[in-house]
**Student:** 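Sharing a structure with you now.
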Amino acid sequence: MSDQWNDVAGTFNLDSAPDYLPTPQLRALQLQRLQAIVHRAYNRVEHFRNRLDERNIKPDDIQALSDISLLPFSNKSDLRDTYPYGLFASPMSEVVRVHASSGTTGKPIVVGYTEQDMNVWRNVMKRTFVAAGLHRGDIIQNAFGYGLFTGGLGAHYGAEALGATVIPISGGNTERQIMVLRDFGVTAICCTPSYFVHLAETAEKMGVDFHQLPLRTGVFGAEPWTDAMRQYIEEKTGIHAYDIYGLSEIIGPGVGAECCCQNGLHIFEDHFYAEIIDPVSGAPVPDGAQGELVLSTLSKEAMPILRYRTHDLTSIISEQCACGRTLRRIRRISSRSDDMFIIRGVNVYPSQVEAALLRAEKNLPHYQIILTRHSGLDQMEVQVEVTPEMLSDRISELEKLQQRFTQALDETLNIRVKVTLVEPQTIARSEGKAKRVIDNRNK
Ligand SMILES: [Zn+2]
């Protein structure tokens, strides 16, 4: 067992004890909590009770964990239809916090937390940081957005519970971020992976070398990213980049986290129950098989959510992790079924494009996919931003690079893609989630 199995400082963090529960005890705890939460939701949430009654299911029908498949799925539409507080199982006098998603279409979705829910959230975020090897004495720059978005405050309270020093800088203002990174002795940063790449590139231009700073850990989430992107980040900046997973509907960040093995994300199974289903038929698939992640909250008081379809595609790893945690892992999520687009009958994920580009040329992570329709035929263009050094190279070198990209995309996707090399800084940088696909087909 690695001496980094829990905490690089070599001390066991007691709050992480549930990460190591023997599996039979963990399953027994999950069943007990599932039964309680189904009763709570049935007795207190009309929307949920109606959906069970329609199917003639009673809370007492849940006798084993596998009986969860009797319950109907829930979707984003369940949250929208009951806007704002229709799924709350606690009176507002017990709700101490609400968050909401920005929602690109229509009304936002609203989520609530009791005091006890806040304790759980703090706990799972603390365990997230411990799994990434952070501890008291770390100085954490939290560049997730503060506000209605769960990322900023979720990471903030977890980092404080850890005893670390938190710098609540929130998102945006890249030059100030770099000044703080350089001057405040920052050892860890939280943000989206694409924003960290933007920070690293801007720092380079400002003459700040991340290798020379105390910064050693990145805790990255809120958007899917690939292992190729992790490699790029780690080589370019000399940090360890850890993936975290969560969603507001379930709690916010803190549903799952990578450990020192960086080989899948442990789900905090004492509070969340994970299933993988076939996204088309809805049938459960066995551990190891790829499908859509479905999550249930096992302890959430204010807003229990059962069998929530995340649209994130992954598989469950049930083999024991080398770190010693008994919690099952999910493979890192590199795509969402929502992000998938269909072009000339072929299903394409942005992550496939990213992996192909990074295979052809390691140093160009800024790209954008543009979909158009000419005379009824779909066209896909990938714009890739080149570096200033490349621009000064001979034209023939750029042509070769363009050919390499075209070939790599052709091999990966089996469709003809137009590759356009664009000048540095022409693709818009995001301070939150990166926008990879511009679909102009129905305009
Ligand atoms: Zn592990």
Side-chain angles (χ1 to χ4, degrees), residues 76 101-102 104-105 151 191-198 201 220-233 241 243-247 265 279 290-293 309-315 330-373 378-386 401-402 404-422 426-443:
K76 201 159 258 180
S101 81
S102 46
T104 44
T105 50
C191 57
T192 60
S194 59
Y195 187 56
F196 184 71
V197 168
H198 177 50
E201 289 174 343
F220 299 132
E223 68 186 12
W225 52 307
T226 58
D227 255 329
M229 178 68 95
R230 182 202 331 256
Q231 224 181 338
Y232 173 79
I233 287 173
D243 192 13
I244 62 170
Y245 179 74
L247 59 170
L265 294 89
Q290 161 106 5
E292 178 182 336
L293 178 65
R309 295 192 60 160
T310 65
H311 296 282
D312 288 323
L313 300 176
T314 180
S315 57
I330 53 168
R331 289 196 193 288
R332 55 193 284 114
I333 288 156
S334 52
S335 48
R336 293 174 47 76
S337 58
D338 288 355
D339 292 339
M340 189 195 80
F341 55 89
I342 299 176
I343 182 143
R344 284 173 249 152
V346 179
N347 296 354
V348 179
Y349 291 99
S351 60
Q352 292 176 293
V353 172
E354 181 174 307
L357 294 176
L358 282 162
R359 205 164 54 237
E361 171 63 46
K362 261 191 148 186
N363 281 316
L364 295 173
H366 289 295
Y367 67 93
Q368 202 155 47
I369 299 162
I370 298 173
L371 305 176
T372 51
R373 184 170 288 153
D378 289 350
Q379 312 284 346
M380 173 172 165
E381 177 188 356
V382 177
Q383 296 185 343
V384 190
E385 210 174 82
V386 297
L401 180 65
Q402 190 178 22
R404 283 214 306 283
F405 284 141
T406 309
Q407 195 184 345
L409 287 166
D410 191 46
E411 283 167 9
T412 309
L413 308 175
N414 285 315
I415 46 168
R416 190 74 195 159
V417 176
K418 181 183 173 200
V419 174
T420 311
L421 301 181
V422 298
T426 41
I427 294 173
R429 300 294 194 271
S430 161
E431 287 173 349
K433 303 181 189 194
K435 184 153 179 59
R436 300 296 195 191
V437 184
I438 313 271
D439 194 341
N440 291 328
R441 287 182 291 184
N442 292 317
K443 282 186 183 159

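For the single chain, residues carry numbers from 1 onward in sequence order.
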**Student:** At what distance, to the nearest 0.5 angstrom, does CG of L313 lie from OG of S351?
**Tutor:**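 Output value for this atom pair is 9.0 Å.
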
**Student:** Hey, what do you get for CD (E201) to CZ (F196), rounding to the nearest 0.5 Å?
**Tutor:**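 Result: 11.0 Å between the selected atoms.
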
**Student:** What are the two closest heavy atoms between A360 and A408, and how far apart are they?
**Tutor:** CB-CB, 4.0 Å

**Student:** Nearest 0.5 Å, please: how far is OH in Y367 from CG in L421?
**Tutor:**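 Between L421 CG and Y367 OH, I get 16.0 Å after rounding to 0.5 Å.
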
**Student:** May I have the step-by-step check of side-chain contact (heavy atoms from CB on, under 4.5 Å) for I343 and L413, ending in yes or no?
**Tutor:** CA-CA 10 Å; I343 182 143; L413 308 175; over 6 Å; no

**Student:** Stepwise, does the side-chain contact (heavy atoms from CB on, under 4.5 Å) test hold for I369 with V348?
**Tutor:** CA-CA 11 Å; I369 299 162; V348 179; 5.9 Å; no

**Student:** Between the side chains of Q290 and S315, does any donor sit under 3.5 Å from an acceptor?
**Tutor:**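 No pair is found: no donor N or O on one side chain lies under 3.5 Å from an acceptor on the other.
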
**Student:** Of the options D439, N440, V437, V382, which is the one that meets I370 in a side chain to side chain contact (heavy atoms under 4.5 Å, CB included)?
**Tutor:**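 By the side chain to side chain contact (heavy atoms under 4.5 Å, CB included) criterion, I370 pairs with just one of D439, N440, V437, V382: N440.
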
**Student:** Looking only at atom types and distance, does a side-chain atom of E385 sit under 3.5 Å from a main-chain N or O of V422, one as donor and one as acceptor?
**Tutor:**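 Here the side-chain-to-backbone pair does not exist.
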
**Student:** Does L293 offer a backbone N or O that forms a donor-acceptor pair with the side chain of T310 under 3.5 Å?
**Tutor:**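 Flag set: sc T310 to bb L293 pair under 3.5 Å.
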
**Student:** Might you point out which heavy atoms bring P350 and R436 nearest each other, and give the distance in Å?
**Tutor:** CB-CB, 4.4 Å

**Student:** Using every non-hydrogen atom in the two residues, find where A241 and I233 come nearest and quote the distance to one decimal.
**Tutor:** CB-CG2, 4.2 Å

**Student:** Is there a side-chain contact between R441 and D378, using heavy atoms and a 4.5 Å cut-off?
**Tutor:** yes

**Student:** With side-chain contact (heavy atoms from CB on, under 4.5 Å) as the criterion, how do Q379 and R373 come out once you've worked through the C-alpha distance, each side chain's angles and the decisive distance to 0.1 Å?
**Tutor:** CA-CA 6 Å; Q379 312 284 346; R373 184 170 288 153; over 6 Å; no

**Student:** Do R359 and T412 meet the criterion of a side-chain donor-acceptor pair at a distance under 3.5 Å?
**Tutor:**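 There is such a pair (donor and acceptor under 3.5 Å, judged by atom type) between the side chains of R359 and T412.
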
**Student:** Examine distances only and state if a side-chain atom of Q383 and a backbone atom of I427 form a donor-acceptor pair shorter than 3.5 Å.
**Tutor:** no

**Student:** As an exercise, state the distance from OH of Y232 to OG1 of T226, rounded to the nearest 0.5 Å.
**Tutor:**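 Reported to 0.5 Å precision, the distance equals 12.0 Å.
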
**Student:** Contact between L409 and L357 at the side-chain level, heavy atoms closer than 4.5 Å - yes or no?
**Tutor:** yes

**Student:** On a heavy-atom basis, which atom in P193 and which in G221 lie closest, and how many Å separate them?
**Tutor:**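 Minimum heavy-atom separation between P193 and G221: CD-O, 3.6 Å.
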
**Student:** Kindly determine whether M380 and F341 satisfy side-chain contact (heavy atoms from CB on, under 4.5 Å), including the steps that lead there.
**Tutor:** CA-CA 11 Å; M380 173 172 165; F341 55 89; 4.0 Å; yes

**Student:** Is the number of heavy atoms from other residues, nucleotides or ligands within 6.0 Å of CZ (R331) greater than 12?
**Tutor:**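 Not more than 12 within 6.0 Å, no.
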
**Student:** Rounded to the nearest 0.5 Å, what's the gap from CZ on F220 to CH2 on W225? Could you check?
**Tutor:** 6.0 Å

**Student:** Considering non-hydrogen atoms only, spot the tightest contact between T192 and A222 and give its length.
**Tutor:** CG2-CB, 4.0 Å

**Student:** Between R332 (side chain only) and L265 (backbone N and O only), is there a donor and an acceptor less than 3.5 Å apart?
**Tutor:**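 Not a single qualifying donor-acceptor pair exists.
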
**Student:** Which residue pairs satisfy the salt bridge (charged side-chain N to carboxylate O under 4.0 Å, His left out) criterion with at least one member in residues 404-419, sequence neighbours excluded?
**Tutor:**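 Sorted result for residues 404-419: E361-R404.
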
**Student:** Do V417 and F405 touch side chain to side chain, with heavy atoms closer than 4.5 Å?
**Tutor:**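 Heavy-atom side-chain distance check fails, nothing below 4.5 Å.
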
**Student:** Any chance you could measure I333, atom CD1, to D243, atom CG, to the nearest 0.5 Å?
**Tutor:**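 It comes to 8.0 Å.
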
**Student:** Side-chain donor-acceptor pair under 3.5 Å between E381 and T420, yes or no?
**Tutor:**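 Judged by distance alone, the side chains do pair up.
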
**Student:** Is a side-chain donor or acceptor of R309 paired with a backbone partner of E292 at a separation under 3.5 angstrom?
**Tutor:** no

